[in-house]
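When a ligand or atom number is given, it counts from 1 through the structure's own listing order. We're numbering straight along the sequence, starting at 1.
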Amino acid sequence: MKDIVFNTVIHSLTWDELDDRQRQLINEAKAMTRNSYSPYSHFRVGASARLANGVIVKGSNQENAAYPSGLCAERTCLFAANANYPDQAVEALAIACYAEGHFTAKPGAPCAGCRQVMLETEHRYGRPMQILLYGEEETYIIDSADALVPLGFFAEDLPKK
Ligand code: THU
């Protein structure tokens, strides 16, 4: 037997330790929580993506009475980015969560489905995507979606025909 060990590094930064571009992207994600349509969970999630050309694309979670028809903020944001700017790599993605009258103290953790979409977006452009998870107490920064999806599933895993 041998063990396969995955190494995930999560940088924890205070607000003051973030640089201006990171703070700007997070502020966009925070503002987007106001556009969340979440009458069922009451959990507002905002996301913002900075593209290689400098454009910032934004998204928020969109729920539906038919629950599985809804979509997370990360995916509305990344799909909007990929749909409108298909030739632009996503350099960074920021996420903020708001519930019960305040932003969460701890950073929100993206669901597994969103991590899979982050992974494919990153590999599609061949550039690492920085992921910023905002929390009132600390912000987590992960240097690449690869780090969030050990044993990732890729197009190469599908049959050729
Ligand atoms: N949600 C997101 O938008 N992103 C995540 O990564 C986790 C969950 C949303 C989906 C749903 O609208 C609400 O939060 C509760 O799960």
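Residues that satisfy the side-chain hydrogen bond (donor to acceptor under 3.5 Å, both in side chains) test with S41, not counting sequence neighbours, are E63.
Side-chain heavy atoms closer than 4.5 Å link hydrophobic residues (I, L, V, M, F, W, Y) into clusters, and following such links, even through other members, never connects L132 to I95.
Under the 30°/60° scheme for interplanar angles, the aromatic rings of F154 and H123 are found to be tilted.
Near ligand 1, residues S41, F43, V45, N61, E63, C72, A73, E74, A109, P110, C111 come within 4.0 angstrom through at least one heavy atom.
Remark: side-chain polar atoms of S48 are paired, donor with acceptor, to backbone N or O of L25 under 3.5 angstrom. Side-chain N or O atoms of N82 include none that pairs as donor or acceptor with a backbone N or O of T121 at under 3.5 Å.
Between the side chains of E100 and Y98, no donor-acceptor pair of N or O atoms lies under 3.5 Å.
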